[in-house]
Amino acid sequence: MNLKPSILTLSLALAASAFAASNVPVYLDETRPLEERVEDALSRMTLREKVAMCHAEGKFASPGVARLGIPDLWMSDGPHGVRAEINWNDWGYSGRTNDSITAFPALTALAATWNPELSFNYGNAIAEEALYREKDVMLGPGVNIYRTPLNGRNFEYMGEDPYLAGELVVPYIKGMQQNGVAACVKHYALNNQEKWRGHIDVNLSDRALNEIYLPAFKRAIIDGGSWSIMGAYNKVRGQHACHNELLLNKILKDDWKFDGVVITDWGGAHDTREAALYGLDLEMGSYTNGLTSESAFTTDNYYLANPYLNMLEKGEVPMSTLDDKVRRLLRLNFRTAMNRQKPFGSVATPEHYAVAEEIGNEAIVLIKNNPVTKKGSPLLPIQADKYKSILVVGDNATRNLMAGGGSSELKPKDIVTPLDGLKAIYGDKIEYAQGYTAGRPMYGHADVIPQATVDSLRAQAVAMAKDAGLVVFIGGLNKNHFQDCEGGDRLEYGLPFGQPELINELQAVNPNIVVVLLTGNAVEMPWASKVPAIVEGWYLGSMAGKSIASVLSGKINPSGKLPFSIPARLEDNAAHHFGEISYPGDSIRQEYLEDILVGYRWHDSKKIPALYPFGHGLSYTTFQYGKPTASAKTISANESLTISIPVKNTGNMEGKETVQLYIGDDNASVLRPVKELKNFHKINLTPGAEEIVTFTVKPDDLKFYDDKTSSWKAEPGKFKAYIGSSSTDIRATVPFELK
């Protein structure tokens, strides 16, 4: 077993101390209160040892104090699995044969489950794999708000609604950190695009900041207790987010009382004085683009290395800035690397595959499911005895969707592709045609596909579709550059590689067609009215093919709900409505002119219907909502309101339904959305079964952020509680009044 040298040093120190327990230093004694251990270790450190702790020593490691037996901190990219080993100080993979792992579904897929219990299992399973790989900090999860469908990194985040993201990030963190592995919530804050991410200066109202873009981070810190957080690349109101006085000092550390470590994104630091004073604790990966580029500078040249040491020695920044950083780093170390109570971990186990598969099962969204003819039944689930052959078409049916994507790229031990999964159920009935090609996984530019190749693949697929009983098209995006990939935003809203034309031609020769989209983003669907069935299958990781086949076959009843709106046109999205200054900005500055009206809030308020709304997702069964009851018609400012509604499975198949509660303020003196998500419950019902779903409307659910007083405020007046199956499929409305 290969032990890290610093861990071996610690083990020897602890063994020697066993001879005389009374002589064990306080910082090594896990029975002592954490803060006592921190202060004791801090008092024993030299100035140089303290400064060394504040910056990297390799691509994914930062120093401990070998002299004191304090081990290094080892990190790994996430948030969908533990990344393969990177070389010590360049971005090349080390070529190990023992770093294959379980690839879990992308976080957009997790968000689509609307299931906090699965989120806890997700965090726990990744932490177990991180432990096996001797990682102390996992760089994830991400909770940046889905503002535009062009953001190349949306697949790493949890959708457009801050309440949904907050409900899911908390159990993820708790599941992870119960194992002694730190979550590092990212990217704090307002990293809502990849284009010009290193310098774009985001400007927005205090209301939008506090109501839309900060709540999920706040939940991660206050309710989730995250031990670390990663700063964003972009600027916010003129200062880089990784050393930002407002975000880090005032909000994170003063208002939220965060006691953990602020870590830069790789290359996110830009100034020694700001890094010293404005909340940064650990500088990683400076002088690179955080993805591919290198520099001749060493870690001693980092902003928080020798330049910081020089400023401290000259008295140009107070020594208290250093001690605060080191306290936080020691606290993190004692919680993770020096935690002798944590388990050993495991990797790519049947239990982890089961977690990945269950998340995939509940993530898949049945967007549309119509009959091909007026008298027919819905096309899905696929009944094997109805078709002599089933033609699977599409590059994504066989593609490794864990390759590419940037820092979230994974090296899975096992992959079940969609084609594999369908063959396992339907056997020899399955035929395959590639239909289109997306090229190699690439950074920095897109692969160029010869037109002759495009034409040949399309012609073959269309010819085979004429004779097939059913066509299952499996396409979408992938992790190539300019798609769902770090470092660059999408260049178009539509599907790439000629997929729209291919779908139209397939449908023209065979109306029995199911379109399965594997994406982390919304896509334009001008062909939607022509195809009877559409499924959003996301990036589901190692067990993707099993989940997709289970849902298409009816073995699993789909229960996913969209975590973002799918606009019919790109200009129907709020960020794109106001022109380039709103997205992507003028290359220097950007204004969030849609303010608080993000996603469904925009579609509702501006009466611009989404093609498929937030919260939408069909089932193979049907659910009937009964008449709601409320505990009162009028409440005071410090009272809660209880609302109950019966929900019954009126179909013939067991299924899960996510019952959603939205609140609208009818009499606000300021702009407020028509309604906002404030609660949800996911229930499982057998045919004929009924359950009473109960919601508690709390006083905080009625408040908006008053930027005049910098406080949260609920105004007396009339409100409505909307209960439904999506943000537009409202089944019951309960009016009430706040006095």
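For clarity, every value in this text was computed on a predicted model and none was experimentally measured.
Under a 4.0 Å N-O distance rule, the pair D595/R207 does not qualify as a salt bridge. A salt bridge links D665 with R672: the closest approach of a Lys/Arg side-chain nitrogen to an acidic carboxylate oxygen falls below 4.0 angstrom. Contact check on D729 versus R731 returns a salt bridge, with a Lys/Arg side-chain nitrogen under 4.0 Å from an Asp/Glu carboxylate oxygen. A salt bridge between K546 and E357 is present, with a side-chain N of the basic residue lying under 4.0 Å from a carboxylate O of the acidic one. In summary, R147 and E160 do not engage in a salt bridge, as defined by a charged side-chain N under 4.0 Å from a carboxylate O.
The backbone N or O of P567 lies less than 3.5 Å from no partner atom in the side chain of S565, so there is not a single donor-acceptor pair. Judged by distance alone, with hydrogens and angles left aside, the side-chain atoms of E211 form a donor-acceptor pair with the main-chain N or O of Y705 at under 3.5 Å. Remark: the backbone N or O of A544 is not paired with any side-chain donor or acceptor of W538 at under 3.5 angstrom.
Judged by distance alone, the side chains of E128 and H352 do bring a donor and an acceptor atom under 3.5 Å apart. Looking only at atom types and distance, the side chain of H576 has a donor-acceptor partner in the side chain of T148 under 3.5 Å away. Side-chain contact of D706 with S711: a donor-acceptor pair under 3.5 Å is absent, judged by distance alone. Side chain to side chain, Y122 and H80 fail the donor-acceptor criterion of an N or O pair below 3.5 Å.
Two residues are said to be in side-chain contact when any heavy atoms from C-beta on lie closer than 4.5 Å; P673 and L597 meet this criterion. Taking 4.5 Å as the limit, some side-chain heavy atom of V516 sits within range of a side-chain heavy atom of L552. Side-chain contact between M138 and I126 is present, with heavy atoms from C-beta onward closer than 4.5 Å. Counting only heavy atoms from C-beta outward, the side chains of I692 and I645 never approach each other to under 4.5 Å. Between R601 and E676 the shortest side-chain heavy-atom distance falls below 4.5 Å.
The number of heavy-atom neighbours closer than 6.0 Å to CD of E571, taken from other residues, nucleotides and ligands shown, is above 12. Open room surrounds NZ on K555; 12 or fewer heavy atoms of other groups in view lie less than 6.0 Å from it.
For residues 542-562, there are no ring-ring contact (aromatic ring centres under 6.0 Å, His included) pairs, not counting sequence neighbours. Sorted by first and then second residue, the pairs that involve residues 641-676 and meet ring-ring contact (aromatic ring centres under 6.0 Å, His included), not counting sequence neighbours, are Y600-Y662.
Checked options N521, N192, N151; the residue passing with Y146 is N521 (criterion: side chain to side chain donor-acceptor pair (under 3.5 Å)).
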Taking only distance into account, with no hydrogens and no angle test, what donor-acceptor pairs under 3.5 Å do side-chain atoms of residues 612-620 form with protein atoms, sequence neighbours excluded?
| unit_1 | atom_1 | unit_2 | atom_2 | d |
| --- | --- | --- | --- | --- |
| H616 | NE2 | I367 | O | 2.8 |
| S619 | OG | N557 | OD1 | 3.1 |
| S619 | OG | N557 | ND2 | 3.2 |
| S619 | OG | T621 | N | 3.1 |
| Y620 | OH | V551 | O | 2.7 |

